[in-house]
Amino acid sequence: MSFVQAIRKNWPGILAVALGLVWIWVSRAPEGATTAGGIPAPQAGFLAPAISLTTLEGETVALADLRGQVVLVNIWATWCPPCRAEMPAIQRAYETYHKQGFVVLAVNSTVQDDAAKIPTFVAEYRLTFPILLDGDGAVTRLYKVASLPSSFFIGRDGIIREVVIGGPMDEALLKTRIETLLKEKP
Amino acid sequence: MLPTLQVGPLALQVPGLMFLLALWLGLNLTEKFAPRRGMNAETLYNLIFAALISALIGARLSFAAQNFAIFTATPLSLISLNPGLLDPFGGFAAGLLAALIYGQRKKLALWQTLDVLTPFFAMMMAGLALSNAASGAAFGMETTLPWGIDLWGAKRHPTQFYALGLALANLALLGWQWKTTGWRDRTLFLFFVALTAGAWLFVEGFRGDSVILAGGFRAGQVLAWALMAAALGRIMLLDASKK
């Protein structure tokens, strides 16, 4: 078969390649077409939804006040075995990186937990980061938590970089993500 | 969107399950089609498993090498079940290398093997779309169209379902072409690559998470177009070389 015959036989393919170029031009991303971090949603690439909860000690902590720092939002409960399993690794990561600008917001999904058990849990694992109480489940719902634990790695700009559903998270996973985010410019 | 399925105390990762389902269906298709092309289904099973296991090991080792200091401090992380500790590029390279070595040792003809494995690859593409539908990844731009879905705080193009529909249509088209022409000319795999790249090129135009280049061009579309053009060009050259 000559080359011209091959072209004639494959004209649908040539048409597809040409139409592909047209489609690339037509579907160029208009301003604001992609997320660009503008919309709050519990998904990587989106602005982290607002959190404002009280700690065990009664202080109010707001996620918005932590802009400029790397934040791990970890949603957990005392009865959840993988939550228990990953807490020591989270505590070690907090101790290692806290001075470099890493913060943990451990949101207890109190709406599905027994609040009385939380102080014992905190003492058992010697947790030093803030434990927030989601008494009415607002944050649990806002972050569409379907499974515990659920963790959200948030960059200095307030954008969620990664979501880890389920656990336990490995210490290496925590450290690699935190170190990457800490390297980003404030 | 259904990222996890709670079965008693177990939280099953639905995106992963979708991949496993596609893997199982793909292997079944391969088993069905291999003998028709004079290939041993068991050899292909072994090829796929060698590639998958090597990809898994390669992905972990590559990730560990890139984060050497961290893995030195926690060496048990090497055998962690966390999928987040995998490097996809390292995994792809290791899987490809293992498949090439196994294929060479078993004296498998490259293009014939790729053709027989095409239904498997096509099924995996459908699995990828289903996996994205479950996790909410690869989401669409905002839209006012009536078939938009509520996802991540807005009504969006259901790009995961566009991709699924096209993957299934491609699978059906490949099956129909196989039946009518028999595909004895070693171009089935190339045709699949062109169809899949075409589907990617189309769906990427509706995505809300595209990597954007200068001028608003989408990087994924440029890559998909190049892939499609290369596959179709190769088919045309093969046709031209026929006597």
Side-chain angles (χ1 to χ4, degrees), chain A residues 1-7 9-10 12-14 16-17 19-21 23-36 39-47 49 80-82 89 92 144 146-150 162-177 179-180, chain B residues 1-6 9 11 13 63-64 66-67 70-71 73-74 76-78 80-82 84-85 135-137 139 141-142 151-154 194 197-198 201-202 204-210 212 215-218 221-222 224-225 228-229 231-233 235-243:
Chain A
M1 190 186 288
S2 72
F3 192 68
V4 176
Q5 283 173 318
I7 289 176
K9 187 193 164 195
N10 290 288
I14 295 165
V17 170
L19 285 176
L21 283 176
W23 178 237
I24 288 174
W25 177 265
V26 170
S27 62
R28 280 172 303 150
E31 190 76 23
T34 53
T35 55
I39 305 169
Q43 164 76 347
F46 288 81
L47 191 65
C80 145
R92 281 195 294 275
K144 300 191 188 301
S147 181
L148 291 174
S150 286
E162 185 168 349
V163 180
V164 179
I165 298 171
M169 277 189 293
D170 191 275
E171 194 164 347
L173 178 90
L174 279 160
K175 287 182 170 178
T176 52
R177 297 326 190 252
E179 285 192 4
T180 304
Chain B
M1 201 192 78
L2 186 66
T4 54
L5 192 63
Q6 201 72 35
Q13 303 283 335
F63 188 88
Q66 288 169 47
N67 299 280
I70 289 171
F71 276 80
T74 57
L76 281 178
S77 297
L78 268 177
S80 163
L81 294 176
N82 279 186
L85 297 175
S135 67
F139 53 86
M141 289 190 300
E142 290 182 49
L151 184 65
W152 309 133
L201 173 59
F202 177 72
E204 186 74 25
F206 299 104
R207 288 268 293 267
D209 59 348
S210 297
I212 306 298
F217 293 105
R218 296 165 191 266
Q221 282 188 314
V222 176
W225 182 86
M228 181 174 76
L232 290 170
I235 290 173
M236 211 157 68
L237 286 175
L238 281 172
D239 274 346
S241 66
K242 278 183 195 166
K243 289 184 180 171

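Chain letters run A, B, ... following the sequence lines, proteins first and then strands; every chain starts at 1.
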Considering only heavy atoms, which portion of Pro49(A) lies under 4.5 Å from any heavy atom of chain B: side chain, backbone, both, or neither?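 No part of Pro49(A) comes within 4.5 Å of chain B.
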Region of Leu21(A) in contact with chain B, defined by heavy-atom distances below 4.5 Å: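 Looking at Leu21(A), backbone and side chain both touch chain B.
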What part of [X] gets within 4.5 angstrom of chain A, counting heavy atoms only: side chain, backbone, both, or neither?
| X | result |
| --- | --- |
| Leu81(B) | neither |
| Glu204(B) | neither |
| Phe202(B) | both |
| Phe71(B) | side chain |
| Leu201(B) | both |
| Ala229(B) | both |

Using every non-hydrogen atom in the two residues, find where [X] and [Y] come nearest and quote the distance to one decimal.
| X | Y | value |
| --- | --- | --- |
| Ser77(B) | Ala172(A) | OG-CB, 3.4 Å |
| Ala29(A) | Ile212(B) | CB-CD1, 3.4 Å |
| Val17(A) | Leu232(B) | CG2-CD1, 3.7 Å |
| Gln221(B) | Ser27(A) | NE2-OG, 2.8 Å |
| Ile14(A) | Met236(B) | CD1-SD, 3.9 Å |

Determine the option with the most heavy-atom pairs under 4.5 angstrom with chain A, choosing from Gly198(B), Gly153(B), Ala197(B), Ser80(B).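 Going by pairs under 4.5 Å, I would pick Ser80(B).
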Rounded to the nearest 0.5 Å, what separation is found between the CZ atom of Arg177(A) and the CG atom of Leu85(B)?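 That separation rounds to 6.5 Å.
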OG on Ser210(B) to CZ on Arg28(A), rounded to 0.5 Å: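 It is 14.0 Å, given to the nearest 0.5 Å.
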Under the ring-ring contact (aromatic ring centres under 6.0 Å, His included) test, which residues partner Trp225(B), sequence neighbours left out?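 Here no residue qualifies.
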Quick one: are Ile39(A) and Glu142(B) in side-chain contact, heavy atoms under 4.5 Å?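 Yes; the side chains approach each other to less than 4.5 Å.
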Name of the residue among Thr74(B), Ile70(B), Asn82(B), Leu76(B) meeting side chain to side chain contact (heavy atoms under 4.5 Å, CB included) with Glu171(A):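 Passing option: Thr74(B).
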